[in-house]
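Here is the structure we will look at.
What you see below is based on every heavy atom in this structure, not just the backbone, and it leaves out hydrogens, waters and symmetry mates. Protein chains get the first letters and strands the later ones, always in sequence-line order, with residue 1 at the start of each.
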Number of protein chains: 4
Amino acid sequence: MDKAERKEREFNLRRAEILEQAEKIFAAKGFHNTTVAEIAGASGFAVGTLYQFFESKEQLYTAMLTEKLNMMYSDVRESVAMEEDTVRKIECLVASQFRFVENNAEFCSIFIRGDHLSLSEGSAALRIRMVADYAVHVSFTEEVIREGIRAGILKEMDPRMMAAALTGIINSCASKWLAMMKGASLMGNVPFVINIFLEGVRKNAH
Amino acid sequence: MDKAERKEREFNLRRAEILEQAEKIFAAKGFHNTTVAEIAGASGFAVGTLYQFFESKEQLYTAMLTEKLNMMYSDVRESVAMEEDTVRKIECLVASQFRFVENNAEFCSIFIRGDHLSLSEGSAALRIRMVADYAVHVSFTEEVIREGIRAGILKEMDPRMMAAALTGIINSCASKWLAMMKGASLMGNVPFVINIFLEGVRKNAH
Amino acid sequence: MDKAERKEREFNLRRAEILEQAEKIFAAKGFHNTTVAEIAGASGFAVGTLYQFFESKEQLYTAMLTEKLNMMYSDVRESVAMEEDTVRKIECLVASQFRFVENNAEFCSIFIRGDHLSLSEGSAALRIRMVADYAVHVSFTEEVIREGIRAGILKEMDPRMMAAALTGIINSCASKWLAMMKGASLMGNVPFVINIFLEGVRKNAH
Amino acid sequence: MDKAERKEREFNLRRAEILEQAEKIFAAKGFHNTTVAEIAGASGFAVGTLYQFFESKEQLYTAMLTEKLNMMYSDVRESVAMEEDTVRKIECLVASQFRFVENNAEFCSIFIRGDHLSLSEGSAALRIRMVADYAVHVSFTEEVIREGIRAGILKEMDPRMMAAALTGIINSCASKWLAMMKGASLMGNVPFVINIFLEGVRKNAH
DNA sequence: GATGAATGAGGCTTCATTCAT
DNA sequence: TATGAATGAAGCCTCATTCAT
């Protein structure tokens with residue numbers, strides 16, 4: 001019977017609607033300053049109804065966070081996988097993250113505000129999963145770099161540190177862009193990031 | 001009569017004691033999950049007493065944040081001011097920030113947690129001061145870089161972006177270290193950071 | 001569907017129940033010595049529930065006050081409107097106020113206690129409305145007297161002052177009755193009040 | 001030794017200073033919205049010092065109230081005692097009360113605000129004394145009226161009620177004046193009050 | 001005697017969660 | 001299954017009173 005199927009489709013649609021509204025409000029006001037009633041109101045459901053989709057306010061928050069992040073993670077992985085060359089891969093890594101930030105500015109400002117992780121002790125399990133997801137993403141970046149080293153394209157430094165440096169540059173540029181919200185495109189900074197990461201800032205003597 | 005003087009000294013000691021305990025608890029649990037009663041208990045005062053030192057929970061939080069950060073800002077400025085050479089200045093910039101992170105690991109984890117800024121609308125004035133302080137710090141980094149460019153040592157790129165990149169690398173390494181809390185010294189990463197920032201990661205053909 | 005209608009009816013019933021209990025307690029202990037928890041307990045609701053009916057303790061207090069007073073005001077106006085003759089109108093004025101005091105002794109003792117008006121600065125708007133309502137009531141009394149003067153029944157004195165005198169006599173008798181709470185009926189004093197107001201207390205020489 | 005005497009004189013001066021300042025603040029903000037610290041500040045003493053003059057905030061409040069009122073009561077009694085004629089006595093009764101109100105407008109507005117009596121259960125004894133003092137004053141008014149009746153000048157009505165009526169007219173006029181705080185003198189209303197009380201408001205047929 | 005910092009009980013209000021309809 | 005009124009624990013803050021200096 002495909003009644004069950006329709007049910008599930010409906011369920012997922014409603015759930016997505018809630019997450020979408022929650023994202024906006026959480027991004028604007030932070031976790032603690034957002035009330036469940038607000039989210040319910042914005043998504044057109046009753047308060048009690050939200051609790052049929054999510055166990056708690058925290059779980060709703062975490063779901064939104066992880067699902068959106070995993071979306072970004074797979075975007076990055078997909079776009080990187082299409083390239084062969086290490087330098088191109090790094091370009092894709094940067095570009096796809098910048099693209100995500102541009103397309104999800106509100107969501108990303110959560111991380112500037114930064115109340116992710118300031119979740120109560122109770123939800124340790126949820127937090128652990130988020131951290132784990134992040135670790136996977138980091139090690140993906142590491143792997144790209146490791147390949148570059150193996151291929152003799154990148155210097156033989158600690159890949160962990162190199163990944164950290166690249167991530168830092170990306171995040172810092174994204175934060176700057178989010179803070180300013182300038183009309184300028186964030187994507188336009190890709191060459192700069194690549195250049196600084198690959199070549200550094202010291203002027204070569206000649 | 002220096003009775004007044006002694007009074008003030010006493011006052012500042014108590015105030016500092018409160019800030020010290022508050023720092024630990026805020027760092028461990030975040031702003032919203034920390035109660036005024038907890039801070040009072042930890043610092044050995046009654047709840048009401050805290051309110052003779054700080055107007056509100058938020059003001060206590062902000063005071064702690066700004067005072068500690070300004071401490072770091074001046075540390076950085078001082079140590080950088082002692083050097084002449086641009087490269088040495090950048091080294092100092094990185095080293096003094098890493099030193100601060102090492103010495104104030106608990107405090108710094110607040111920024112990983114990141115609930116600074118998620119303060120209610122009420123404290124706009126306080127928040128503005130924090131942002132302004134930060135802006136001054138950022139422009140200090142920029143200035144160091146600008147000097148390097150003028151001196152022909154650094155490439156002629158946008159100094160704002162270069163400062164952002166450097167800041168990103170520093171923060172990322174610090175975060176990594178805080179997250180792992182490894183026995184390894186964070187200071188040990190200074191050469192790496194300098195190297196990657198100045199020379200990049202691409203292997204030179206020769 | 002008259003489900004909404006029933007909802008509203010229920011809502012109003014509960015609201016009235018709270019007001020009724022609040023009236024008793026406020027009357028007995030004054031605004032500041034009454035706690036929200038007490039009112040909640042007496043009306044059989046949880047504390048939080050009160051806040052679905054009233055924005056704040058002050059708003060609850062003011063609502064009770066204004067609604068009850070307006071009830072009295074319209075009682076007075078209605079009963080006076082039924083009479084033609086000025087003297088009969090004044091009788092109704094006095095009688096209907098006395099009747100209200102007898103039927104709402106507890107409520108009226110609030111005014112002997114008198115902590116109406118000692119509300120915080122915050123509720124200026126609410127207080128203004130109360131004062132305005134009272135002004136309307138006073139000018140109604142004045143108008144009755146003015147008519148009596150026009151009709152040649154009352155002396156040509158300042159109607160404002162005459163209204164003040166009548167109001168004073170009424171209030172004073174009511175206060176006396178409330179203070180003593182004697183078995184005696186307050187309504188029994190109507191002829192006395194009318195007589196003293198119309199004829200004064202000096203023995204006529206004859 | 002008159003050292004003790006000087007001490008007592010000093011003590012009374014300080015006490016009076018505190019009462020004077022307390023009166024202003026209580027009059028302006030009411031009992032509950034006035035803090036002990038405010039009174040201390042205004043009177044130039046430390047908080048702890050107030051507690052050497054008064055047992056508690058409530059006792060300070062009551063002392064101020066009773067002492068001021070008794071001042072008025074004796075003023076009234078004195079000035080009435082100087083007259084022989086009943087009508088003149090009543091005039092003095094009204095005039096001396098109006099004079100007191102004019103000279104102590106701030107203090108009297110406490111009674112418009114009316115948070116006298118809204119004292120906690122604890123101070124029953126103090127409240128009882130205030131009520132008793134008031135009762136004495138009322139019975140003094142009654143006695144004047146009783147004399148007038150005996151002298152064949154006033155009608156043979158219940159003197160209690162007559163006293164209540166007179167008091168009501170006086171209070172009502174005073175309240176009106178306090179509320180408006182008009183430039184006009186309250187004393188100017190004495191003839192009106194006397195006239196309305198003695199002769200009433202009904203126009204005589206002729 | 002004078003001081004005023006420290007105290008801590010207690011008040012108002014919010015809001016995540018539940019459950020009867 | 002959806003609702004949203006009811007709940008009540010918990011938080012921030014105030015302020016009368018005390019007591020060591």
Side-chain angles (χ1 to χ4, degrees), chain A residues 7 10-11 14 31-41 44-61 120 122, chain B residues 3 6-7 10-11 14 32-41 44-60 120 122, chain C residues 3 6-7 10-11 14 32-41 44-60 120 122, chain D residues 7 10-11 14 31-41 44-61 120 122:
Chain A
K7 272 254 167 101
E10 274 256 326
F11 181 89
R14 294 184 210 277
F31 177 73
H32 280 100
N33 295 320
T34 297
T35 67
V36 173
E38 269 173 312
I39 299 172
F45 292 97
V47 175
T49 308
L50 295 206
Y51 282 82
Q52 290 180 334
F53 293 89
F54 306 94
E55 292 170 5
S56 68
K57 181 187 175 189
E58 246 180 46
Q59 203 257 326
L60 160 53
Y61 183 68
S120 78
Chain B
K3 196 171 140 194
R6 187 172 309 162
K7 272 266 165 83
E10 275 256 323
F11 180 91
R14 294 184 213 280
H32 280 101
N33 294 320
T34 297
T35 69
V36 172
E38 267 174 315
I39 299 173
F45 292 97
V47 175
T49 307
L50 297 206
Y51 284 84
Q52 290 185 330
F53 295 89
F54 305 95
E55 292 171 2
S56 67
K57 183 190 175 186
E58 241 180 53
Q59 203 256 326
L60 161 54
S120 78
Chain C
K3 196 172 142 196
R6 187 174 306 163
K7 270 266 166 81
E10 276 257 323
F11 180 91
R14 294 184 211 279
H32 280 100
N33 294 319
T34 297
T35 68
V36 172
E38 268 173 313
I39 300 173
F45 292 97
V47 175
T49 307
L50 296 206
Y51 283 83
Q52 289 185 331
F53 294 90
F54 305 95
E55 291 171 3
S56 67
K57 183 189 175 188
E58 241 180 53
Q59 203 256 326
L60 162 53
S120 80
Chain D
K7 274 256 167 98
E10 273 256 324
F11 181 90
R14 294 184 210 277
F31 177 74
H32 279 100
N33 294 321
T34 297
T35 68
V36 173
E38 268 173 313
I39 299 172
F45 292 96
V47 175
T49 308
L50 295 205
Y51 282 82
Q52 292 180 335
F53 293 89
F54 306 94
E55 291 170 5
S56 69
K57 182 188 175 188
E58 245 181 46
Q59 202 257 326
L60 160 54
Y61 183 68
S120 79

request  = Could you tell me whether Phe45(C) contacts a base, only the sugar-phosphate backbone, or nothing, with contacts defined as non-hydrogen atoms closer than 4.0 Å?
outcome  = sugar-phosphate
ask   = Rounding to a whole Å, what distance do you find between Leu60(B):CG and dC13(F):P?
value = 10 Å
Distance-minimising heavy-atom pair for Thr34(B) and Lys57(B) = O-NZ, 2.8 Å
inquiry  = Among residues at least two apart in sequence or on other chains, which ones pass side-chain hydrogen bond (donor to acceptor under 3.5 Å, both in side chains) with Thr35(A)?
reply    = Glu38(A)
request  = Drop me the distance from Ile39(B)'s CD1 to Leu60(B)'s CG, to the nearest 0.5 angstrom.
outcome  = 5.0 Å
query = Phe11(B) CZ to dG4(E) C1': how many Å, rounded?
reply = 13 Å
query = Does Gln52(A) put a side-chain nitrogen or oxygen below 4.0 Å from OP1 or OP2 of dA2(F)?
reply = yes
remark   = Where DNA chain E forms runs of at least three Watson-Crick or G-U pairs (i with j, i+1 with j-1, under 3.5 Å), the stems are E:2-21 with F:2-21
note = Nearest heavy-atom approach of Gln59(A) to Phe54(A) is OE1-CA, 3.3 Å
message = Whole angstroms only, please: what is the CD-P distance between Glu38(A) and dG4(F)?
response = 17 Å
request  = Mind calculating the distance between CG (Leu50(C)) and P (dT7(F)) to the nearest angstrom?
outcome  = 9 Å
task = Compare side-chain N and O positions of Arg14(D) against OP1 and OP2 of dA2(E) and report whether any pair is under 4.0 Å apart.
result = yes
inquiry  = Looking at every heavy atom in both Thr49(D) and Phe45(D), which two are closest together, and how far apart are they?
reply    = CG2-CD2, 3.8 Å
Rounded interatomic separation in angstrom, taking CZ from Arg6(C) and P from dG4(F) = 16 Å
key: Atom-to-atom span, CZ of Phe53(A) to C1' of dT17(E) - whole angstrom   = 17 Å
ask   = Parallel, tilted or perpendicular: which describes the rings of His32(A) and His32(B), with under 30° parallel and over 60° perpendicular?
value = parallel
task = Heavy atoms only: give me the nearest Val47(C)-Ala37(C) pair and the separation to one decimal.
result = CG2-CA, 4.2 Å
task = Please state how far atom NZ in Lys7(A) lies from atom P in dT1(F), giving the value in whole angstrom units.
result = 6 Å
task = Hey, could you give me the CZ/CZ distance between Phe11(D) and Phe53(D), rounded to the nearest 0.5 Å?
result = 5.0 Å
ask   = To the nearest Å, how far apart are Ile39(D) CD1 and dG4(E) C1'?
value = 16 Å
Distances under 3.5 Å between nitrogen or oxygen atoms of protein and nucleotides 12-14 of chain E:
unit_1: dC12(E); atom_1: OP1; unit_2: Lys57(C); atom_2: NZ; d: 2.8
unit_1: dC12(E); atom_1: OP2; unit_2: Val36(C); atom_2: N; d: 3.1
unit_1: dT13(E); atom_1: OP2; unit_2: Tyr51(C); atom_2: OH; d: 2.6
unit_1: dT13(E); atom_1: OP2; unit_2: Lys57(C); atom_2: N; d: 3.0
unit_1: dT13(E); atom_1: O5'; unit_2: Tyr51(C); atom_2: OH; d: 3.4

ask   = Below 4.0 angstrom, N of the basic side chain to O of the carboxylate: do Arg6(B) and Glu10(B) qualify?
value = no
query = Using a cut-off of less than 4.0 Å, is there contact between a side-chain N or O of Thr49(C) and OP1 or OP2 of dT7(F)?
reply = yes
